[in-house]
Amino acid sequence: MKLATWNINSLKVRLPQVLDWLQAHPVDALCLQELKLPDDKFPLEAFTEIGYTAQWAGQKTYNGVAIVARQECLEVQRNIPDFDDHQQRIIASTLASPIGDIRIISAYCPNGQAVGSDKYEYKLRWYAALRDWLQGELQRYPRLAILGDYNVAPKDEDVHDPAKWVGDVLVSEPERAAFNAVLDLGLTDAFRQFEQPEKSFSWWDYRRMAFRRNAGLRIDHVLLSDALRDYCVSCVIDKTPRANEQPSDHTPVVATLVLPQAS
DNA sequence: ATGGTGGCCCGGCCA
């Protein structure tokens, strides 16, 4: 089973790239972030034509998340329950597998804009709500994978120039603590389960030729529950779409799980 | 030290 995440920064603009990528990398589920389109503009037919189904939570102009999958998405949940928020940042769904149901979550965590700003406070409140909800979700669904744009580089090795970024939004200590509080529920950063190239990043600013200089951050993550992590045999960042014409500023992250056959 | 680019929708927000 292959699971992937990609912040595509407008599905309208990036749809051809997403379809091309899916056909070259026929993953079981692809979590998308920053659709930037309302629900009635989601291009479902384009996905069904290539053998996928989808569930989504869209909104006009900003945010928006989806799960594109090869099998039916069950028990769909939009947003964090009991967290009053009109921004569409969460969609969760259940996929059947040989080892039982697997809960898949596509997450677009707030950016935070600048340390100390209103948006930064919202980011920390949002992370606390995510943690509280995931705690129960992990009890209901022990086999859980939450993939997305976390807008947090967990460690200095995830930052191209840690000295330049120290204390900044995306790397500040409260943000890293919020991210670690999620991991402490019993989730593992799949990418760091394996040996990886140095200076591995998933996002590069559009400005100042950041991709050419590999001036990036690793802020897109695949988190696996304890019941899933031992099935994971690889987790890789696919940098190639970042070199496309009209690229997203993010690139896909792909985790491969080898599940035993049902007995 | 500032502003650089890109997507939204068409001046300014958000990333």
Side-chain angles (χ1 to χ4, degrees), chain A residues 5-21 30-43 46 56-66 68 79 83 85-91 106-127 130 147-154 158-161 163-172 174-176 178-179 201-221 237 239-253:
Chain A
T5 181
W6 193 5
N7 178 325
I8 37 83
N9 184 23
S10 167
L11 184 54
K12 180 180 177 179
V13 172
R14 233 67 66 188
L15 179 62
Q17 295 180 44
V18 174
L19 297 173
D20 286 350
W21 188 86
L30 171 61
C31 294
L32 297 174
Q33 300 86 36
E34 285 207 87
L35 308 182
K36 293 188 170 178
L37 46 74
D39 280 341
D40 62 351
K41 292 288 200 307
F42 187 89
W56 60 93
Q59 75 181 82
K60 194 178 174 206
T61 309
Y62 302 119
N63 309 310
V65 288
V68 178
N79 299 318
F83 182 67
D85 188 5
H86 67 278
Q87 303 188 30
Q88 302 300 313
R89 298 183 174 278
I90 288 283
I91 188 162
S106 179
Y108 176 46
C109 308
N111 170 281
Q113 195 172 58
V115 173
S117 67
D118 288 349
K119 293 190 178 68
Y120 183 82
E121 297 306 319
Y122 162 71
K123 180 178 191 172
L124 296 180
R125 280 191 289 111
W126 189 93
Y127 256 97
L130 176 70
L147 304 88
D149 175 2
Y150 289 80
N151 269 311
V152 172
D158 304 310
V159 181
H160 68 94
D161 185 348
K164 189 183 290 182
W165 277 81
V166 73
D168 233 333
V169 73
L170 310 183
V171 310
S172 76
E175 290 166 272
R176 286 177 167 174
F179 180 79
F201 308 124
S202 66
W203 169 82
W204 300 261
D205 199 300
Y206 283 121
R207 296 166 284 193
R208 298 172 55 193
M209 297 184 294
F211 183 60
R212 252 185 251 283
R213 299 185 292 120
N214 197 29
L217 302 178
R218 192 176 70 91
I219 58 177
D220 300 271
H221 309 300
I237 294 173
K239 284 177 72 166
T240 55
R242 187 60 178 81
N244 289 349
E245 292 284 324
Q246 265 198 305
S248 168
D249 44 352
H250 298 249
T251 210
V253 185

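Labels below follow one simple rule: chain letters A, B, ... track the order of the sequence lines, proteins then strands, and each chain is numbered from 1.
- Against DNA chain B, the stretch residues 242-253 of chain A makes heavy-atom approaches under 4.0 Å through A:Q246.
- Residues passing the salt bridge (charged side-chain N to carboxylate O under 4.0 Å, His left out) test with A:D158, sequence neighbours excluded: A:R192, A:R218.
- Taking the P atoms as reference points, B:dG11 lies 27 Å from B:dT2, given to the whole Å.
- Applying the salt bridge (Lys or Arg N to Asp or Glu O under 4.0 Å) test to pairs two or more places apart or on separate chains, those with a residue in residues 116-125 of chain A are A:K123-A:E175.
- If you check the side chains of A:H160 and A:W165, you find a donor sitting under 3.5 Å from an acceptor.
- For A:D85, the side-chain hydrogen bond (donor to acceptor under 3.5 Å, both in side chains) test picks out A:Y122, with sequence neighbours left out.
- Annotation: B:dA1 and B:dG6 have their C1' atoms spaced 23 Å apart (nearest Å).
- Place A:K36 and A:W203 on DNA chain B by their nearest nucleotides, and A:K36 ends up nearer the 5' end.
- Shown here are the salt bridge (charged side-chain N to carboxylate O under 4.0 Å, His left out) partners of A:R207, two or more places apart in sequence or in another chain: A:D205.
- Map A:N111 and A:K12 each onto its nearest nucleotide of DNA chain B; the residue landing nearer the 5' end is A:K12.
- Under the rule for a side-chain contact (heavy atoms from CB on, under 4.5 Å), A:V166 has no partner lying at least two apart in sequence or in another chain.
- Annotation: B:dA15 and B:dC9 have their C1' atoms spaced 16 Å apart (nearest Å).
- Scanning DNA chain B 5' to 3' for nucleotides with an atom closer than 4.0 angstrom to a non-hydrogen atom of chain A gives a first and last hit of B:dG3 to B:dA15.
- Within 4.0 Å (heavy atoms only), A:Y108 reaches sugar-phosphate atoms of the nucleic acid but no base atom.
- Sequence neighbours left out, not one pair with a member in residues 240-249 of chain A passes salt bridge (Lys or Arg N to Asp or Glu O under 4.0 Å).
- With sequence neighbours excluded, the residues that form a side-chain contact (heavy atoms from CB on, under 4.5 Å) with A:Q88 are A:A57, A:Q59, A:N79.
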